[in-house]
K.L.:
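My questions will all concern the structure given below.
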Amino acid sequence: MADAAGRERVVVTEGQRRHFAVLAVLLEEMLGELEEFAAGAEAPGRLVTRQHDLPPGFGELLAPAATRVRDRLARLAAILELESRERSDARLAYALLLTNVVRIEDATSAKISGYGEVHESVARVVDPLLGDIHHDLSALAARLRDPPSR
């Protein structure tokens, strides 16, 4: 089956279209991360450091490959009539905050006994620190959940 320009028309189900849309978004995000690595960006925290161990010349190989991949993704999006997706920073941030609030709750002295006997110092020293982190993250999540009126 061909379109008006003589190009073969690709037929996919709605589920297949959604699958390709998610794949395209993930590939686009991956390219951005690779470019960040190749640029030698530093990790923003103190507990994670980046080991800049990409092979020599990787950035020079990456740039044209990333351009080709993005061009092919754009062609794929046109062929499959994929819609541009808008991603809400607020919804993503809220989900990240809530996920980590739960992780903090699961790391308290009352919950970590599955990893072995919990020394009383964990409750005395670690729990208050986790509680402070929990408080700050919960406050940020609440701000996203209940944004101020304009």
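Note that the numbering runs from 1 along the sequence shown for the chain.
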K.L.:
Check Phe20 against Val12 and note the closest heavy-atom contact, atom names and distance.
P.N.:
CE1-CG1, 4.2 Å
K.L.:
Tell me whether the count of non-hydrogen atoms from other residues, nucleotides or ligands lying under 6.0 Å of CG in Asp71 goes above 12.
P.N.:
yes
K.L.:
Between Leu98 and Ala141, which heavy-atom pair has the shortest distance, and what is it?
P.N.:
CD2-CB, 4.3 Å
K.L.:
Consider only side-chain heavy atoms of I, L, V, M, F, W and Y, link residues closer than 4.5 Å, and tell whether Leu130 and Val125 are in one cluster.
P.N.:
no
K.L.:
Would you say Arg50's side chain and Phe37's backbone share a donor-acceptor pair under 3.5 angstrom?
P.N.:
no
K.L.:
Report, as yes or no, whether the 6.0 Å neighbourhood of atom CD on Glu14 holds more than 12 heavy atoms from other residues, nucleotides or ligands.
P.N.:
yes
K.L.:
What closest approach, in Å, do Leu144 and Ala93 show between heavy atoms, and which atom pair accounts for it?
P.N.:
CD1-CB, 3.6 Å
K.L.:
For residues Ile79 and Val22: do they belong to one hydrophobic cluster (side chain heavy atoms under 4.5 Å, members Ile, Leu, Val, Met, Phe, Trp, Tyr)?
P.N.:
no
K.L.:
Is a side-chain donor or acceptor of Ser138 paired with a backbone partner of His135 at a separation under 3.5 angstrom?
P.N.:
no
K.L.:
Using a strict cut-off of less than 4.0 Å between a Lys/Arg side-chain nitrogen and an Asp/Glu carboxylate oxygen, indicate whether Glu35 and Arg70 qualify as a salt bridge.
P.N.:
yes
K.L.:
Nearest heavy-atom pair of Ser109 and Ala123: which atoms, and what distance?
P.N.:
OG-CB, 3.4 Å
K.L.:
Would a single hydrophobic cluster contain both Val101 and Leu96, if residues Ile, Leu, Val, Met, Phe, Trp and Tyr are joined by side-chain heavy-atom contacts under 4.5 Å?
P.N.:
no
K.L.:
Would you confirm whether Gln16, through its side chain, and Thr13, through its main-chain N or O, come within 3.5 Å as a donor-acceptor pair?
P.N.:
yes
K.L.:
On a heavy-atom basis, which atom in Ala107 and which in Ile112 lie closest, and how many Å separate them?
P.N.:
O-CG2, 3.4 Å
K.L.:
From Leu23 CG over to Leu82 CG, what is the distance, rounded to the nearest 0.5 angstrom?
P.N.:
9.5 Å
K.L.:
Kindly give the heavy-atom pair with the smallest separation between Leu80 and Val10, and that separation in Å.
P.N.:
CD2-CG1, 3.6 Å
K.L.:
Do Leu34 and Leu27 land in one hydrophobic cluster if side-chain heavy atoms of ILVMFWY residues count as linked below 4.5 Å?
P.N.:
yes
K.L.:
Look up atom CZ in Arg72 and atom OG1 in Thr67, then write down how far apart they are to the nearest 0.5 Å.
P.N.:
11.0 Å
K.L.:
Does any part of the side chain of Thr99, heavy atoms only, come nearer than 4.5 Å to the side chain of Arg103, both counted from C-beta?
P.N.:
yes
K.L.:
Are Ile133 and Leu97 grouped together when hydrophobic residues (ILVMFWY) are joined by side-chain heavy atoms under 4.5 angstrom apart?
P.N.:
yes
K.L.:
Kindly compute the distance separating CD1 (Ile104) from CG (Asp127), expressed to the nearest 0.5 Å.
P.N.:
11.5 Å
K.L.:
Go through Val25 and Glu29 one step at a time and tell me if the side chain to side chain contact (heavy atoms under 4.5 Å, CB included) criterion holds.
P.N.:
CA-CA 6 Å; Val25 167; Glu29 289 174 343; 3.9 Å; yes
